[in-house]
Amino acid sequence: MKPDVTQTSGPSGWEAFYRIVRRIPRGKVVTYAQVALLAGRPRAARHVGFALAALRGSGTRVPWQRVLGKRSAVTAGISILDPMGAAAQRDLLEREGVRVDERGRVSLVDHGWRPRRR
DNA sequence: GACATGACGTAAT
DNA sequence: TATTACGCCATGT
């Protein structure tokens, strides 16, 4: 089940994920694996989506829209929970300067955010 | 403590 | 490039 974000205020590892996502600058995107890696859990890519999914309903201000899958991109699991949300997310990314493919795929090489480098 | 679930990743085909 | 199979980590029951 989806755990409550409101209770994740504790020392849970989920808070680390939110912290990483907040660092994502406008016009840049990252993959779940990237966030997980920065959070210190390179094998916990699944949990990143978990945490972000809960945020969607909590109204927390986290740019979850900038977090994509490696190959699935935007139309990944969001469409499962919110088909319209996926389309809206694609529009939002385009507004930030991110070019989204017709299939919902984004060039991570071009828009991939590179932390720990500046 | 063990089993089941999940916005995923990587390797193999 | 798409599809299938397996694995990893955290949370819930």
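All values below come from the heavy atoms of this structure, side chains included, with hydrogens, waters and symmetry mates left out. Order of the sequence lines fixes the chain letters, A, B, ..., with proteins taken first and strands second; residue numbering starts at 1 for each chain.
Here the side chain of A:Ala45 is nearest to one of B:dC8, B:dT10, B:dT5, namely B:dC8. Checking B:dA7, C:dC8, C:dA10 against every side-chain atom of A:Ala53, the shortest atom distance belongs to B:dA7. Nearest to the side-chain atoms of A:Ala33 among the listed nucleotides C:dT1, B:dG9, B:dA7 stands B:dG9. With distances taken from any side-chain atom of A:Tyr32 to the nucleotides B:dA7, B:dG6, C:dA2, the minimum falls on B:dA7. Taking every side-chain heavy atom of A:Lys70 into account, B:dT10 is the closest of C:dC8, B:dT10, B:dA7.
Distance CZ (A:Phe17) to P (B:dC8): 13 Å, rounded to an integer number of Å. Atoms CZ (A:Arg43) and P (B:dT10) sit 9 Å apart, rounded to a whole Å. What separates CG of A:Asp101 from P of C:dT1 is a distance of 10 Å, to the nearest Å. Going from atom CG of A:Leu108 over to atom P of C:dT1 covers 12 Å, rounded to whole Å. If you measure from atom CH2 of A:Trp64 to atom P of B:dC8, you get 13 Å, rounded to the nearest angstrom. In this structure, the CZ atom of A:Arg46 is 8 Å from the C1' atom of B:dT5, given to the nearest Å. For A:Ile24 and B:dA7, the CD1 to C1' distance is 14 Å, given to the nearest whole Å. Here C:dT11 presents its C1' atom at 14 Å from CZ of A:Arg41, a figure rounded to the nearest Å.
Rounded to a whole angstrom, the distance from the P atom of B:dA7 to that of C:dT13 is 16 Å.
For A:Glu96, the side-chain hydrogen bond (donor to acceptor under 3.5 Å, both in side chains) criterion is met by A:Arg66, not counting sequence neighbours. For A:Arg61, the side-chain hydrogen bond (donor to acceptor under 3.5 Å, both in side chains) criterion is met by no residue, not counting sequence neighbours.
Of all the heavy atoms in A:Gly69 and A:Thr31, the pair that sits closest is O-CG2, 4.2 Å.
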Do A:Arg99 and A:Glu94 pass the side chain to side chain contact (heavy atoms under 4.5 Å, CB included) test, and can you show the C-alpha distance, the side-chain angles, and the key distance before you say yes or no? CA-CA 6 Å; A:Arg99 190 166 68 170; A:Glu94 288 180 325; over 6 Å; no

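Contact annotation: the side chain of A:Leu55 approaches that of A:Leu52 to within less than 4.5 Å [non-hydrogen atoms, C-beta and beyond].
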